[in-house]
> 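Let me begin by handing over the structure; questions about it come next.
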Number of protein chains: 2
Amino acid sequence: MLDLDDFLPYRLNVLAKRVSRELARRYEAQFGISIPEWRVMAILGREQPLSSNDIVERSAMDKAKVSRAVTSLVEAGLLSRDTHPSDQRLLRLSFTDKGRALYERIAPLALEWQQRWLNCLDDVELAQFKALSAKLEGQLEQLARDVL
Amino acid sequence: MLDLDDFLPYRLNVLAKRVSRELARRYEAQFGISIPEWRVMAILGREQPLSSNDIVERSAMDKAKVSRAVTSLVEAGLLSRDTHPSDQRLLRLSFTDKGRALYERIAPLALEWQQRWLNCLDDVELAQFKALSAKLEGQLEQLARDVL
DNA sequence: ACCACATCGTTTCATATGAAACGAATATGC
DNA sequence: GCATATTCGTTTCATATGAAACGATGTGGT
């Protein structure tokens, strides 16, 4: 029989939504930044400058969402949006000083929060969980391809 | 440094969203039913009749969402919505014949799909994954409570 | 009996979402 | 070169979302 509490797609959704809610509560309250905006920041924290499309590829967000997040961040003075010199369709997104400063304040807090969350698992368990998640994601891609 | 690909809240969200998308594709295409609607059906499949509030408690959905899903299902002729005899605030929701028939068609397919997804893990791995998910969810509740 | 308060489900409202249409810029085929 | 197709990012549009207001019903205290 189908028991929703044992149906993994459902369980995962509940878990993921709760994590998001907890995190969003902190981002938004303390820094006035939404989750999509924070994702853009996090990606730029690793690599800069990037086009919107680069961010779409690295973020699993659709381009409309990225476009809106970028617009907000530019309006908030956190990102600069220049056009690529040799291809005017592309943006060149990078932190302003203010943006980088904010990133450097948030990133450690996000990691620290994650740490507090994950410390209910030991190292082996955490590694297992990540590995199994990756397997499940891989399998999902298989199934998605089969349908097409 | 913060690497989004290694940031579990993000990874979980991506995974959960992809699973939902895959499942929704099947529910909606084949049965004309949304995920919130399907959740209501799944809960009623286990226990009947229930009030909207019962479903809220069992489903991790907010009451507005449940209300809308129930309305759709009633309009589609899949649920009957009677009022509780001794407390007129409560609904008594149960399957119509058509609703039960649909449930009995979908449930095995959902389980079978889950089966195909999860068969990338062996039994031990699956048990581990579920146990670790549960731990993470428990810890999340702890952290949420600390903030309040 | 009455009044204040709580509970149930619906509805309203402001916001978030993503698919698709779009305009601008570039690449490709002929 | 020029017409066509493709890519990039924005905007539009229809829908989904959840917090809060709401009306209806019940409960409890006096």
Side-chain angles (χ1 to χ4, degrees), chain A residues 13-14 16-18 20-25 27-29 32-40 43-44 49-75 79-94 144 148, chain B residues 13-14 16-18 20-25 27-29 32-40 43-44 49-75 79-94 144 148:
Chain A
N13 256 286
V14 171
K17 177 146 282 192
R18 288 198 176 141
S20 280
R21 189 194 304 284
E22 282 308 304
L23 263 184
R25 200 150 88 188
Y27 292 157
E28 285 176 23
I33 207 173
S34 72
I35 285 200
E37 285 159 24
W38 164 245
R39 284 192 186 169
V40 170
I43 287 168
L44 286 172
L50 292 175
S51 70
S52 284
N53 224 29
D54 293 333
I55 294 175
V56 168
E57 284 167 6
R58 288 163 177 69
S59 72
M61 300 195 281
D62 66 286
K63 61 185 182 173
K65 209 178 206 174
V66 170
S67 171
R68 292 189 263 247
V70 165
T71 300
S72 288
L73 291 169
V74 170
E75 281 169 0
L79 296 190
S80 74
R81 169 170 46 191
D82 312 299
T83 58
H84 190 98
S86 72
D87 184 343
Q88 304 199 17
R89 293 170 306 181
L90 277 63
L91 299 181
R92 279 169 45 106
L93 298 166
S94 37
L148 300 183
Chain B
N13 256 286
V14 170
K17 177 145 280 192
R18 288 199 177 140
S20 280
R21 189 196 304 283
E22 281 309 303
L23 264 183
R25 200 152 89 189
Y27 292 157
E28 285 175 25
I33 208 174
S34 72
I35 286 201
E37 285 159 23
W38 164 243
R39 284 192 186 170
V40 170
I43 287 168
L44 286 171
L50 292 176
S51 70
S52 285
N53 224 29
D54 292 333
I55 294 175
V56 168
E57 284 167 5
R58 289 163 177 69
S59 72
M61 298 196 280
D62 67 287
K63 61 185 182 174
K65 208 179 206 173
V66 169
S67 171
R68 292 189 263 248
V70 165
T71 300
S72 287
L73 291 168
V74 170
E75 281 169 3
L79 297 189
S80 74
R81 169 169 45 188
D82 311 300
T83 59
H84 189 98
S86 71
D87 185 342
Q88 303 198 14
R89 293 170 307 180
L90 277 63
L91 298 180
R92 279 170 44 105
L93 299 166
S94 36
L148 300 183

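Every heavy atom of this structure was used, including side-chain atoms; hydrogens, water molecules and symmetry mates were not.
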> Test your reading of the model: is there a side-chain donor-acceptor pair from R58(B) to the backbone of D54(B), 3.5 Å cut-off?
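Indeed, once roles are kept as given, a pair shorter than 3.5 Å links the two residues.
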
> Among dG9(D), dA27(C), dA19(C), which nucleotide has an atom closest to any side-chain atom of A64(A)?
dA19(C)

> Roughly, in whole Å, what's the span from CD in Q88(A) to P in dT26(C)?
5 Å

> Just how far, in rounded Å, is P of dC22(D) from NZ of K63(B)?
13 Å

> Describe the nucleic acid contact of S34(A) in one word from base, sugar-phosphate, nothing, applying a heavy-atom distance below 4.0 Å.
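The answer is nothing, as S34(A) stays clear of every strand by at least 4.0 Å.
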
> Ignoring backbone atoms, establish whether K17(B) has a side-chain N or O less than 4.0 Å from OP1 or OP2 of dG18(C).
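So the side-chain polar atoms of K17(B) do come within 4.0 Å of the phosphate oxygens OP1 or OP2 of dG18(C), strictly under.
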
> For dC8(C), take OP1 and OP2 only and decide whether either is under 4.0 Å from a side-chain N or O of R81(B).
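Result: no.
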
> Which listed nucleotide (dT10(D), dA19(C), dA25(C)) is nearest to the side chain of D87(A)?
dA25(C)

> Kindly point out which of dA19(D), dA19(C), dT10(C) is positioned nearest to the side chain of L91(B)?
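The answer is dT10(C).
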
> With nearest nucleotides of DNA chain C determined for R68(A) and S67(B) from heavy-atom distances, which residue corresponds to the more 5′ nucleotide?
S67(B)

> When only distance counts, do a donor and an acceptor, one from the side chain of K65(A) and one from the base of dG18(C), lie under 3.5 Å apart?
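Answer no: no donor N or O sits under 3.5 Å from an acceptor.
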
> Both S86(A) and N53(B) contact DNA chain C. Which one's nearest nucleotide lies toward the 5' end?
N53(B)

